[in-house]
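Below you'll find the structure, written out as structure tokens, and then a few comments.
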Amino acid sequence: MALYHDRFGEFRQALHAELHGDQDYLNLVHAVQASPAFLAGRPLDPAEFAHLLPDEKLELARARLRDYVQSNAAQLGMYLVPSSKVMAQMREAEAQPVVTR
């Protein structure tokens with residue numbers, strides 16, 4: 001899970017800058033842009049494209065993501081994960097009928 005907040009844009013820009021000009025990365029970008037899902041404006045499945053990058057480039061992206069999450073770990077308490085216990089409790093509470101007197 002990537003921690004999305006106001007610094008996520010910086011993370012994306014830094015990773016793009018690091019890989020910009022790399023032929024494997026450019027091939028990936030072109031494959032994504034030519035995919036039927038992208039052209040139709042549908043969500044993309046990253047697993048469909050991961051095989052296009054060599055293992056060392058995938059590991060680089062993973063390492064940068066780990067660094068980003070570790071650097072922003074203090075922010076984790078401010079975000080709710082849809083599969084978390086807290087979210088399940090919130091859904092259960094919403095499903096309960098409201099009793100008014």
Side-chain angles (χ1 to χ4, degrees):
M1 171 189 107
L3 181 63
Y4 190 90
H5 64 79
D6 59 339
R7 293 193 57 216
F8 191 71
E10 294 172 22
F11 162 74
R12 290 180 41 199
Q13 286 178 335
L15 186 60
H16 177 75
E18 188 169 358
L19 292 173
H20 187 73
D22 178 88
Q23 194 57 51
D24 294 319
Y25 176 70
L26 294 174
N27 291 342
L28 171 69
V29 170
H30 293 301
V32 167
Q33 291 173 340
S35 71
F38 181 85
L39 294 172
R42 294 190 314 265
L44 299 171
D45 179 5
E48 284 184 47
F49 304 100
H51 72 279
L52 298 175
L53 282 179
D55 289 341
E56 64 271 7
K57 303 278 174 54
L58 284 174
E59 187 50 42
L60 171 71
R62 288 182 187 117
R64 296 300 179 262
L65 182 58
R66 280 191 300 271
D67 292 344
Y68 169 76
V69 171
Q70 287 173 350
S71 298
N72 293 282
Q75 306 294 327
L76 286 173
M78 298 170 47
Y79 297 88
L80 295 175
V81 177
S83 61
S84 70
K85 185 177 178 181
V86 171
M87 289 297 290
Q89 291 170 344
M90 290 174 62
R91 284 190 294 275
E92 289 172 13
E94 288 175 356
Q96 298 297 321
V98 176
V99 177
T100 57
R101 294 181 188 213

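Within 6.0 Å of atom CG in Asp55, 12 or fewer heavy atoms from other residues, nucleotides or ligands are found, so the atom counts as exposed in its surroundings.
To the nearest 0.5 angstrom, Leu65 atom CG is 7.0 Å from Phe8 atom CZ.
The minimum heavy-atom distance between Leu52 and Ala31, with the atom names listed, is CD1-CB, 3.5 Å. Closest approach of Ser35 and Phe49 over heavy atoms only: CB-CZ, 3.7 Å. Shortest non-hydrogen contact noted between Ala37 and Pro43 is CB-O, 3.9 Å.
Listed by first then second residue, pairs satisfying salt bridge (charged side-chain N to carboxylate O under 4.0 Å, His left out) with a partner in residues 24-33 read Asp24-Lys57, not counting sequence neighbours.
The side chain to side chain contact (heavy atoms under 4.5 Å, CB included) search around Gln33 returns Val29, His30, Phe38, not counting sequence neighbours. Listed by chain and residue number, nothing satisfies the salt bridge (charged side-chain N to carboxylate O under 4.0 Å, His left out) test with Glu56 (two or more places apart in sequence, or in another chain). For the ring-ring contact (aromatic ring centres under 6.0 Å, His included) test, residues two or more places apart in sequence or in another chain that qualify with His20 are His16. A search for side-chain hydrogen bond (donor to acceptor under 3.5 Å, both in side chains) contacts involving Glu48 returns nothing, not counting sequence neighbours. Partners of Leu15 according to the side chain to side chain contact (heavy atoms under 4.5 Å, CB included) rule, which considers only residues two or more places apart in sequence or in another chain, are Phe11, Leu19, Ala61, Arg64. Here Arg42 pairs with nothing under the side-chain hydrogen bond (donor to acceptor under 3.5 Å, both in side chains) rule; sequence neighbours left out. When the side-chain hydrogen bond (donor to acceptor under 3.5 Å, both in side chains) test is applied to Asn27, the partners found at least two apart in sequence or on another chain are Gln23. Scanning for side-chain hydrogen bond (donor to acceptor under 3.5 Å, both in side chains) contacts around Glu59 gives Arg66, with sequence neighbours left out.
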